[in-house]
Amino acid sequence: MELTVLGSGSAMPVPDRAQAGYLLDDGDRSLLVDCGSGVLQRLAGTDAGYEGVSTVLLTHHHLDHVAALLPLLKARWLAGEEHLEVVGPAGTKSLVDGLLDVHDYLDGRIDLAVREVSASRSFSAGGFDVTARETRHSMNGFAYRFSPPSSDAEASDGPLALSGDTEAFAGMASFADGAELLVHDCSFPDDVDVSNHPRPTSLGESLAGAEIGTLLLSHLYPHTGGREREMEQGVRDAGFDGEVRTATDGLRLSL
Ligand SMILES: [Zn+2]
Ligand SMILES: [Zn+2]
């Protein structure tokens, strides 16, 4: 399967990073994870396009992860697509209902399904097997781990983990242990005072000893601009011994 970074940015825009969004693709099936502002433009440049994405999985409901949800629904309606499924944590139904209350002319335009999932049992989204775990953030949300549709592996052993927005904590290391790729929130450099998001040192400390092939730093605030190599080194210096890279919009990785 392939991961395409559609949006490596955050709630404070920079020119070259859309807000949060990732595309999983195995050739036949596509799954969009998070749908922040700017993600649809990136999605339109992929092979799947917004026409090819009928399932969106949300990590949590902060605006930089859901802002383009109704724009996606509308784009699919205008393109003649008939379905959209939105999957996410508790509260996803009331979020979507509330958005459609405001933009009520979109209500009923396509067959819209909303499904709330929990961390207690794995589930399927867009054909991918998924397992979730709670994050530590200013809002309830999930990190996810994925197995491709063709795989015999349990989702909990899948090659890809996405942290969503979360502080660094040891539970994420055990959740992602054995993954080829962990995409993790690393919103700020060490010298920015912040809670609810990790910085390189706390992230590297939390992942020390975990068996993770590549760590991809993402959800990057403007403060990180030009400091990517320094942040990668900071994660390594704090104890993470896998490969460390920084996400860029459009980056594609095969798993
Ligand atoms: Zn958030
Ligand atoms: Zn965010």
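Computed from heavy atoms alone, side chains included, the values below leave out hydrogens, waters and symmetry copies. When a ligand or atom number is given, it counts from 1 through the structure's own listing order.
The closest approach of Asp64 to the Zn ion (ligand 2), by N/O/S atoms, is made by OD2. Within His65, NE2 is the N, O or S atom that lies nearest to the Zn ion (ligand 2). Minimum-distance N/O/S atom of His219 relative to the Zn ion (ligand 2): NE2.
Ion pairing between a basic and an acidic side chain is recognised when a charged N comes within 4.0 Å of a carboxylate O; Glu228 and Arg17 show such pairing. Asp191 has a carboxylate O that lies under 4.0 Å from a charged side-chain N of Arg227, or vice versa, which qualifies the two as a salt bridge.
Heavy atoms from other residues, nucleotides or ligands lying under 6.0 Å from CZ of Arg29 number 12 at most. In this structure, Asp193 places its CG atom where only 12 or fewer heavy-atom neighbours from other residues, nucleotides or ligands lie under 6.0 Å away.
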Glu116/Lys93 under side-chain contact (heavy atoms from CB on, under 4.5 Å): CA gap, chis, key distance, verdict: CA-CA 7 Å; Glu116 296 183 351; Lys93 177 105 178 65; 3.3 Å; yes
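At a cut-off of 2.8 Å, Asp165 is counted among the residues with an N, O or S atom near the Zn ion (ligand 1).
Rounding to the nearest 10°, we obtain 100° for the angle at the Zn ion (ligand 1) between His60 NE2 and His62 ND1.
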